[in-house]
Engineer: 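Here you go, one structure.
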Amino acid sequence: MVNRHSISMPFSGGKAPPWARLVGIILYIAITFGLAYSLEDILPRAAEIPLTLFESLAFLAFLGSAMILYYQPIPKVAKLILGILVLLLLMPALGLRNGYYLEVATQVGIFAALALGLNIVVGFAGLLDLGYVAFYAVGAYLWAFFGSTQAGLVLTSIKDFFPLGGEWFFLFLCLGVIVGGLAGILLGLPVLRLRGDYLAIVTLGFGEVIRVMVNNLDKPLNLTNGPQGISPIQRPPLFFMPLLQALGFDLEPRQIYPIYFYLLVILIALIVIFFTRRLDDSPIGRAWIAIREDELAAQAMGVPLVRTKLTAFAAGASFAGAMGVLFAAKQIFINPESFTLMQSIGVLAMVILGGMGSIPGVILGAILVTTLNLQILKALSDWLNAMRQAGTVLNLGFIQYAMKNLPVQLEPAKYERMVFGIVLVLMMIFRPEGVLPASRRKLEITANRETPPEAVSATPPVTGGGE
Amino acid sequence: MQTETVAPTRAVSRGIFSSQMLRTLFAPLGQLAIWTVGTAVVLSLVVLLLALIFRTSSSGVDRFTLVLSILPQVIVDSMVLGFVYAMIALGYTMVYGVLEFINFAHSEIFMIGAVVGAEVLISLSEAKALENFNPLLLILLIIAAGMAVSGLVAVVVERVAYRPLRNAPRLVPLISAIGVSFFLQDLVRMLESIWRNAFYRTYPDVPSFSQRISFGDTLDVSYKSIIVVVAAIVMLLALNYLVGATKIGKSIRAVAQNRATASLMGIDVDRAIALTFLVGGALGGAAGVLYGLRFSTINPYTGFIPGIKAFTAAVLGGIGNITGAMLGGIVLGFLETFGASYLSIFTEGAFGAEYKDILAFGILIIVLIFRPKGLLGEVVGERA
């Protein structure tokens, strides 16, 4: 990438004055945006040049600007203005140019919110939940059931009432929170008394149970339509359409919906970030961290163990429930394939890569893993395929390799499990606290490793005192 | 790790035929027989009783004769599945006994055994060597190949992904194990794809294994099923001998009881742990080969569901307890096969065999809530 040096500059703890940083970050945003926007016009078309790969990397760098911005010691107003500029103006502009960018950005938002929810369970409370996507499925099927003709098949006496109108979506978004939370409590009540590693396996089992049920509950009552999935699902109405037309924007619904969902996801993600931050600083958040660091000691200090764990479980599950409702409305079509163990592990990889318990870290994890999954691996596959078809011969100096000899099965896009696996193992061995560790040090993660004495004394005191 | 009968030191010097020795070796086998027969009888009585109570279905079929007619076959299938689970469960339980950690990647060790067995058989059949092979020798060959590769992979995984994390908090190695599990799935997929351009494998048909013996009209047992059960019993006996009566076994048991003290007594802890992984992995590999022989089609993702179920079996039997893992496997195999076979008869097709996975997880949750120490286990204390 051309602008590699400018990535390291804003993150480095150098002594650049604020104005220089401001100029630097603006330059960075401009360059990455420009690259993502116009790379396809600049680069010549040839099989050897991985255009989509460069594009996705430029896009990733552009998405990263929001993260870099967050860490800059520049005036808050400047941060806010730049943030709004990036998220609300430049991103939709990119989306109008190439719809897939917006799709990826929307998915990043959804997964960031999901990962923040899982972060409450895994990062704050230290409970390993491997079936997290089950709550996401509960939310998605909740709206899919009532927001399509599916409900009419079961509730035959009030058949004409379904599908519910799009305006019900917002009510169901709130219902998703409640139903997700209830599902979390229902699962949590029996299993939260278990020790951590048993809990992991039971939640994994629960995730599979939900998947099997969703797959098979097309009989005796057709609740989920089995493996075929449910479609079409109602979308929220475009109530602001007249306003847009009055302002002179004459856009088709199919152009508006992606931007609409993008903005909706951004809004919900911001709400989720706000809630997570408040929870982190609240007495309950401190109780979670106390449990994570030492269950026995926390109990001895009067933290009610099961109730506190249950709150963490329910809070995480309710985020997933709401995101599920949103996902169903965005996709119009859902089937059991969207709710596999891979999804749970993907979300877990985001939390672990970014840093358990660290909110910016988890968002960074969501950005990295989602773009890797949706864009970079695919772009690599396309590149290899293009070279294979064009009959390119790689010249590595000492050996020549004809690309057409590369086995067809070797497609990076199909090996996401391997990538996740490597990420999980390497992070656990070399950096268990994540790329952007939480400011509150994690004993659960770093215990029994030699901590340099200056690191201990440098730990900021926990504000607010005990409970 | 607790074996039910712990051989005293002198047993080794007294030789293999002393009464002490025989008890060490065969007492678990007796227990196994009792539990197998007991579970079979109890479950059969339950389904027969249910069939008598709800005798005619809405379509007028006599459920009692239907249930009775498939019962012998169901029992045989249960035993085959149960012994496969038992062998996988041993790997989980041994590692848990020594390290108090769920080796999530064990299901992939099992899968690797199945794939290696398939590759060996396919290579032999491509070389047209299958017909001339002595069937007994063939079985031994593929099981040995599966055991060797799986055992080695297990040791390597331990060395690379678990040993650096041995003193870390318990969530850390578990996450690492999950990562290893996913990595191995796709690694096998990649290797198989490059090697044969497809990653699904079917065990080639070996004529001498596909024969069946008929007992009356209702029961008809294939050689494969007999091979699975016999091989499993032999392995379990060998494991009993290894853990209960050899120095290696003693070092493993010592490390399981107290790592620090074992180390002070001159036991090489790293070596004992590596040996545990080798033995557990080899058993998993053998189970994989047997599973492949019995169920034919395998792929790099085959291991996941049997792995989770075998873990359930280990918990059911009391995790950390070797005999318990065997019993848990048998009981789970029976419950699952009975559920899969009879659920749809009693619910008239509304709930079919698809729900057998739910049954296993339901059992796991119920056991963990009401009897977390399992059938034979003792309470495992919180690691300080």
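Chain letters run A, B, ... following the sequence lines, proteins first and then strands; every chain starts at 1. Worth knowing before you read on, the calculation uses all heavy atoms, side chains too, and leaves out hydrogens, waters and symmetry mates.
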Engineer: Could you give the distance from CD1 (B:Ile365) to CD1 (A:Ile201), rounded to the nearest 0.5 Å?
Structural biologist: 12.0 Å
Engineer: Check the pair A:Glu208 / B:Ile305 against side chain to side chain contact (heavy atoms under 4.5 Å, CB included), numbers first and verdict last.
Structural biologist: CA-CA 9 Å; A:Glu208 283 299 295; B:Ile305 291 283; 3.9 Å; yes
Engineer: Measure the CE-CD distance between A:Met342 and B:Gln185 for me, rounded to the nearest 0.5 Å.
Structural biologist: 8.5 Å
Engineer: So B:Leu184 and A:Met418, do their side chains get closer than 4.5 Å, heavy atoms only?
Structural biologist: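 With C-beta onward as the side chain, the pair stays apart.
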Engineer: Which heavy-atom pair separates B:Leu171 from A:Gly126 by the least distance, and what is that distance?
Structural biologist: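 So the two residues come closest at CD2-O, 3.6 Å.
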Engineer: Kindly confirm or rule out a cation-pi arrangement of A:Arg417 over B:Phe183, judged by NZ or CZ under 6.0 Å from the six-membered ring centre and within 45° of its axis?
Structural biologist: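 So A:Arg417 doesn't make the cation-pi contact.
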Engineer: Roughly how far, to the nearest 0.5 Å, is CE of A:Met213 from CG of B:Asp357?
Structural biologist: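 The distance works out to 13.0 Å.
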Engineer: Checking heavy atoms, do the side chain of A:Leu217, its backbone, both or neither come under 4.5 Å from chain B?
Structural biologist: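 When you check distances to chain B, atoms from both the backbone and side chain of A:Leu217 fall under 4.5 Å.
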Engineer: Identify the heavy atoms of A:Val425 and B:Ala161 that sit nearest to each other, and give their distance.
Structural biologist: CG1-CB, 4.1 Å
Engineer: Side chain, backbone, both or neither: which part of A:Glu416 has a heavy atom under 4.5 Å from chain B?
Structural biologist: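 Only the backbone of A:Glu416 comes within 4.5 Å of chain B.
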Engineer: Give a yes or no on this: more than 12 heavy atoms of other residues, nucleotides or ligands lie within 6.0 Å of atom CZ of B:Arg196.
Structural biologist: yes
Engineer: What's the separation between atom CZ in B:Phe182 and atom CG in A:Leu341, rounded to the nearest 0.5 Å?
Structural biologist: 4.0 Å
Engineer: Please classify the contact between B:Val315 and chain A as side chain, backbone, both or neither, with a heavy-atom cut-off of under 4.5 Å.
Structural biologist: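 It is the side chain, since no backbone atom gets that close.
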Engineer: Given heavy-atom pairs under 4.5 angstrom as the criterion, report whether the side chain, backbone, both or neither of B:Ile308 touches chain A.
Structural biologist: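 Only the side chain of B:Ile308 comes within 4.5 Å of chain A.
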Engineer: Using every non-hydrogen atom in the two residues, find where B:Ile102 and A:Tyr198 come nearest and quote the distance to one decimal.
Structural biologist: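 B:Ile102 and A:Tyr198 have their closest heavy atoms at CD1-N, 4.3 Å.
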Engineer: At a 4.5 Å cut-off on heavy atoms, which part of B:Tyr301 comes close to chain A: side chain, backbone, both, or neither?
Structural biologist: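 Side chain only.
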Engineer: Quick one: does A:Met356's side chain get under 4.5 Å of B:Ile175's, heavy atoms only?
Structural biologist: yes
Engineer: Of all of B:Leu174, B:Ile358, B:Ile178, which one pairs up most often with chain A through heavy atoms under 4.5 Å apart?
Structural biologist: B:Ile358
Engineer: Using a cut-off of under 4.5 Å on heavy-atom pairs, state which of B:Phe311, B:Phe199, B:Phe101 scores highest against chain A.
Structural biologist: B:Phe311
Engineer: How many angstroms lie between CZ in A:Phe420 and OG in B:Ser181, if you round to the nearest 0.5 Å?
Structural biologist: 13.5 Å
Engineer: If the contact rule is any heavy atom under 4.5 Å from chain B, which residues of residues 344-354 of chain A qualify, in numerical order?
Structural biologist: A:Ile345, A:Ile352
Engineer: Do B:Phe361 and A:Val202 come close enough that some side-chain heavy atom pair is under 4.5 Å?
Structural biologist: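 Heavy-atom side-chain distance check fails, nothing below 4.5 Å.
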Engineer: Calculate, to the nearest 0.5 Å, the distance between atoms CZ and CG belonging to B:Phe104 and A:Leu204 respectively.
Structural biologist: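 Those atoms lie 5.0 Å apart.
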Engineer: Given side chains that start at C-beta, do those of A:Tyr415 and B:Ser193 come closer than 4.5 Å, heavy atoms only?
Structural biologist: yes
